[in-house]
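What follows is a single structure, written as structure tokens, with notes after it.
Everything numeric here is computed off the predicted structure, so don't read it as measured data.
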Amino acid sequence: MNCDKKDLLLYAVTDRAWLGDKTLSWQVEESLKGGATMIQLREKHLDHEHFLKEAKEIKELCRKYQVPFLINDDVDLAVEVDADGVHVGQHDMEAGEVRKKIGPNRILGVSAQTIEQALLAQQAGADYLGVGAVFPTGTKDDADAVSIQTLGEICRAVNIPVVAIGGIGQHNVMQLAGSGICGIAVVSAIYAQPDIQNAASTLHALAKEMVER
């Protein structure tokens, strides 16, 4: 396995929706200062040239803070920029094909909503699973909802680490205690907040308490 489950405790996924007059690099560094343990660069509408430039900047930041840097969906770019890994969803490239492209030593994360999807991803070489949406969220439709019961069943069915994602924030993270996850993946709970560093620091402490319960 290519990732330590401790790296998945507070997994920050970028979104430029709340940049305002700031840069994404600034936002990411604030989250790293606050205790983000892994960064996933997620860009759905950026052209390749700008995505590549941005990826190189964020990768250097992650090196500075010694946290893994992953790219969402774009497997070729992840290889080109020499990212630590890539995360793919159920509607992206099949996990086994991704593993062939990125080689044996990069981190491969796969989204899953069912035990069947989770087991297939593990068999195909996934290093961790992102399971959700565990709470209502603006970034996923209701069809992708996963109950906390199912989350626990997935954790028990696989041998690789699981992170929960979807609508997680300071107000509900403790509801995930006892599910078997090793961390949380968040977007707006960090990057939509007025004080990103403080939001990350608070979530880091809560996530640690939740996992240890």
Subject >> Lys33 NZ: over 12 foreign heavy atoms closer than 6.0 Å >> reply: yes

Would you list the atom pairs, donor with acceptor, under 3.5 Å between side chains in residues 166-187 and any protein atom, with sequence neighbours excluded?
residue, atom, partner, partner atom, Å
Asn172, OD1, Gly169, N, 2.8
Asn172, ND2, Gly167, O, 3.0
Ser179, OG, Leu176, O, 2.8

Original post:
CD1 of Ile58 to CG of Leu41: how many Å apart, nearest 0.5 Å?
Top reply: 6.0 Å

Original post:
How far apart are the closest heavy atoms of Val110 and Ala95, and which atoms are they?
Top reply: CG2-CB, 3.8 Å

For residues 77-85, run the donor-acceptor check on the side chains, cut-off 3.5 Å, and write out each pair with its distance to 0.1 Å, sequence neighbours left out.
residue, atom, partner, partner atom, Å
Glu80, OE1, His48, NE2, 3.1
Asp82, OD1, Arg106, NH2, 2.9
Asp84, OD1, Arg63, NH1, 3.4
Asp84, OD2, Arg63, NH1, 3.1
Asp84, OD2, Phe69, N, 2.8

Side-chain polar contacts of residues 200-209 - donor-acceptor pairs under 3.5 angstrom, sequence neighbours left out - could you list them?
residue, atom, partner, partner atom, Å
Thr202, OG1, Asn198, O, 3.0
Lys208, NZ, Glu212, OE2, 3.0
Glu209, OE2, Arg213, NH2, 3.3

Subject >> Any side-chain donor near an acceptor of the partner, Glu57 and Ser25, under 3.5 Å >> reply: yes

**OP:** Going by the side-chain contact (heavy atoms from CB on, under 4.5 Å) test, name the single residue among Gln27, Lys44, Lys22, Glu54 that passes it with Arg16.
**Re:** Glu54

List the atom pairs, with distances to 0.1 Å, where a side-chain N or O of residues 114-124 and a protein N or O form a donor-acceptor pair under 3.5 Å, not counting sequence neighbours.
residue, atom, partner, partner atom, Å
Thr114, OG1, Gln117, N, 3.0
Gln117, OE1, Gln113, N, 2.7
Gln122, OE1, Asn159, N, 2.6
Gln122, OE1, Ile160, N, 3.4

Original post:
If you round to the nearest 0.5 Å, how far is CE of Met38 from CG of Leu70?
Top reply: 5.5 Å

Original post:
Between Ser31 and Tyr191, does any side-chain donor sit less than 3.5 Å from a side-chain acceptor?
Top reply: yes

Subject >> Partner residues of Asn105 under the side chain to side chain donor-acceptor pair (under 3.5 Å) criterion, sequence neighbours left out >> reply: none

Subject >> Minimum heavy-atom distance between Val67 and Thr37, given as atom pair plus value >> reply: CB-O, 3.4 Å

**OP:** Please step through side-chain contact (heavy atoms from CB on, under 4.5 Å) for the pair Ile102 and Leu108, ending with a clear verdict.
**Re:** CA-CA 8 Å; Ile102 67 173; Leu108 172 57; 4.0 Å; yes

**OP:** Sequence neighbours left out, what passes ring-ring contact (aromatic ring centres under 6.0 Å, His included) with Tyr11? Give chain and number order.
**Re:** Tyr128

